[in-house]
2 protein chains.
Amino acid sequence: MLEALRRFRLADQDMRARISTGMHMNVTDLQALRYVIAAEAAGEVATPRGLATHLHISTASTTKLLDRLTRSGHLTREPHPTDRRSLVVVATAHAHDEVRERLARMHERMAEIARAVPSESRPAVEEFLRAMAAHLDTEGDVPPLRPLTEPAATNGRSARGRG
Amino acid sequence: MLEALRRFRLADQDMRARISTGMHMNVTDLQALRYVIAAEAAGEVATPRGLATHLHISTASTTKLLDRLTRSGHLTREPHPTDRRSLVVVATAHAHDEVRERLARMHERMAEIARAVPSESRPAVEEFLRAMAAHLDTEGDVPPLRPLTEPAATNGRSARGRG
DNA sequence: GCTTATTGCTAGCCAGGCTAGATACTTTGG
DNA sequence: CCAAAGTATCTAGCCTGGCTAGCAATAAGC
């Protein structure tokens, strides 16, 4: 089961790389594009600051990212309706088309695969994945390398130290 | 269910980043280290060529990677027993300790989570993940996309070359 | 009306990929 | 055995995509 999980992870990673290169952009840029489109679909506005936060990159890197995606014709910068320091990032029709073209079918097929899971097993699948995610959220935040002497049983820590 | 899958993916990615930075290295280097240790555990020898193949990076990049991990005291280069062009990459005791310290507990806990899945649902979980992985393997390789704008010029190496 | 916080941008740096070419060794064919 | 071709690693130098520091413009608080 863990092996299947690992295989999924690798396949997912590879797929992302392929889709990105297929669209002549890198993985982060594709993530950004999807974020912008999702924001539009949700009736919200996407700002550079929001992108930076979502992607865990700096605002400076976000500026460069917007330059790339604007130059490639996927995004446009438009004035923010209320905050004149900021701006609104909008996906072009081309970007919408391209993302739909590349991802809609895949998502549909993924939903199909999900539906193929026997309904009595679905809660187990979900619980498995959620428990795994929750566990991983607590792992890895061990800032000071301990001298290997005591396990110290650090449980229940989660604060994600990125900064 | 798909949402849970997505959450797992994000958590996994984050965890990898945290573990890596916690060990003062990047994600690729950690992957390399695990590969070397796994090879040792399997009674095989790890070569730079093997690393390059496993990590989907060039041999030149692998040389740099080995330089980093050798300098940091995680790996050593040793002569290859049969092929004198090549060499064998060996993890230091320190690397073994560090990886065990960081990952053993996590893996154990993951196995626990897997065991918590009702046995009658396990085949469904596995099948779901395998089907998803198999599907993702077939996605993304869509070269023929009608150009809605300019094909972005040929000199643009806008993406990493993949093996 | 000032002062402070925040937003996005510019400038310049660095890590970690890449390709090309050099070197050393192995394999293969006569 | 020797030459040619193939393979493994390393070096040199480039590019992308992150980063921090600092700026002008605007917003928010006193």
Side-chain angles (χ1 to χ4, degrees), chain A residues 13-14 16-17 20-21 23-33 36 45-72 74-90 162-163, chain B residues 13-14 16-17 20-21 23-33 36 45-72 74-90 152-163:
Chain A
Q13 202 170 298
D14 262 32
R16 263 158 229 287
S20 298
T21 58
M23 288 175 71
H24 304 288
M25 58 178 69
N26 66 51
V27 178
T28 307
D29 289 4
L30 178 59
Q31 242 186 304
L33 195 50
V36 171
V45 295
T47 64
R49 160 58 61 193
L51 264 167
T53 302
H54 176 72
L55 299 172
H56 303 299
I57 62 178
S58 68
T59 59
S61 303
T62 303
T63 295
K64 281 193 185 179
L65 181 149
L66 291 178
D67 288 346
R68 287 194 297 272
L69 289 178
T70 299
R71 167 189 288 270
S72 68
H74 289 99
L75 296 179
T76 61
R77 288 167 161 112
E78 304 200 356
H80 193 287
T82 62
D83 188 338
R84 286 198 300 170
R85 293 169 306 177
S86 188
L87 53 87
V88 171
V89 181
V90 179
R162 191 181 291 277
Chain B
Q13 202 170 297
D14 262 32
R16 263 158 229 287
S20 298
T21 57
M23 288 175 70
H24 302 106
M25 57 179 71
N26 65 50
V27 178
T28 307
D29 289 4
L30 177 59
Q31 241 187 305
L33 195 51
V36 172
V45 295
T47 64
R49 160 60 60 196
L51 264 167
T53 303
H54 176 71
L55 300 172
H56 302 298
I57 62 177
S58 69
T59 59
S61 302
T62 304
T63 295
K64 280 193 185 178
L65 181 150
L66 291 177
D67 288 346
R68 288 194 296 273
L69 290 178
T70 299
R71 168 190 287 272
S72 68
H74 289 98
L75 296 178
T76 61
R77 288 167 161 112
E78 304 202 355
H80 194 287
T82 62
D83 188 337
R84 287 198 298 171
R85 293 168 306 179
S86 187
L87 53 87
V88 172
V89 182
V90 179
T154 29
N155 67 332
R157 291 188 294 164
S158 54
R160 296 271 115 96
R162 302 184 29 71

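All figures in this text were calculated on a predicted structure; none of them were measured in a lab. The chains referred to below are lettered A, B, ... by the order of the sequence lines, with proteins before strands, and numbering in each begins at 1.
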Please list each protein N or O that sits under 3.5 Å from an N or O in nucleotides 28-30 of chain D, with the distance.
none

> Shortest non-hydrogen contact from B/Leu69 to B/Ser72?
Replying inline: O-OG, 3.2 Å
> Which residues satisfy the side chain to side chain donor-acceptor pair (under 3.5 Å) test with A/Thr53, sequence neighbours excluded?
Replying inline: none
>> Tell me every residue that passes salt bridge (charged side-chain N to carboxylate O under 4.0 Å, His left out) with B/Arg84, counting only those two or more places apart in sequence or in another chain.
In response: none
>> Please report the distance, rounded to the nearest Å, between NE2 in B/His80 and P in D/dT9.
In response: 8 Å
> Residues in side chain to side chain contact (heavy atoms under 4.5 Å, CB included) with A/Ala60, at least two apart?
Replying inline: A/Ser58
> Roughly how many Å is it from CG in B/Leu55 to P in D/dT9, rounded to a whole number?
Replying inline: 13 Å
>> In whole Å, I'd like the distance from the CE atom of B/Met25 to the P atom of C/dG17.
In response: 13 Å
> For A/His56 and D/dC19, what is the distance between atoms NE2 and P respectively, to the nearest whole Å?
Replying inline: 11 Å
Using a cut-off of under 3.5 Å, enumerate the N/O to N/O pairs linking the protein to nucleotides 9-12 of chain C.
from: C/dC9; atom 1: OP1; to: A/Arg77; atom 2: NE; distance (Å): 2.9
from: C/dC9; atom 1: OP1; to: A/Arg77; atom 2: NH2; distance (Å): 3.4
from: C/dC9; atom 1: OP2; to: A/Thr63; atom 2: OG1; distance (Å): 3.0

> Expressed in angstrom and rounded to an integer, what is the separation of A/Ile57 atom CD1 from D/dT20 atom P?
Replying inline: 12 Å
>> Restricting to non-hydrogen atoms, name the atom on A/Val27 and the atom on A/Ser20 that form the minimum distance, rounded to 0.1 Å.
In response: CA-OG, 3.4 Å
> What's the CG-P distance between B/Asn26 and D/dG17, to the nearest Å?
Replying inline: 17 Å
> B/Ser86 side chain N/O closer than 4.0 Å to the phosphate oxygens (OP1, OP2) of C/dC25?
Replying inline: no
>> Please determine whether a side-chain nitrogen or oxygen atom of A/Arg49 lies at a distance below 4.0 Å from atom OP1 or OP2 of D/dA27.
In response: no
>> Please tell me if A/Arg84 has a side-chain N or O lying less than 4.0 Å from either OP1 or OP2 of D/dA25.
In response: no
>> Restricting to side chain to side chain contact (heavy atoms under 4.5 Å, CB included), what partner residues turn up for B/Leu87, sequence neighbours left out?
In response: B/Pro48, B/Arg77, B/Val89
>> Using a 4.0 Å heavy-atom cut-off, does A/Thr82 contact any base of the nucleic acid, only the sugar-phosphate backbone, or nothing at all?
In response: sugar-phosphate
> Between B/Leu69 (CG) and C/dG16 (C1'), how many Å, whole number?
Replying inline: 12 Å
>> If the condition is side chain to side chain contact (heavy atoms under 4.5 Å, CB included), which residues does B/Val88 pass it with, not counting sequence neighbours?
In response: B/Val45, B/His80, B/Pro81, B/Val90
> Whole-Å distance between D/dG17 C1' and A/Leu30 CG?
Replying inline: 16 Å
> By salt bridge (charged side-chain N to carboxylate O under 4.0 Å, His left out), which residues pair with A/Arg49, not counting sequence neighbours?
Replying inline: none
> Under the side chain to side chain donor-acceptor pair (under 3.5 Å) test, which residues partner A/Glu78, sequence neighbours left out?
Replying inline: A/Thr76
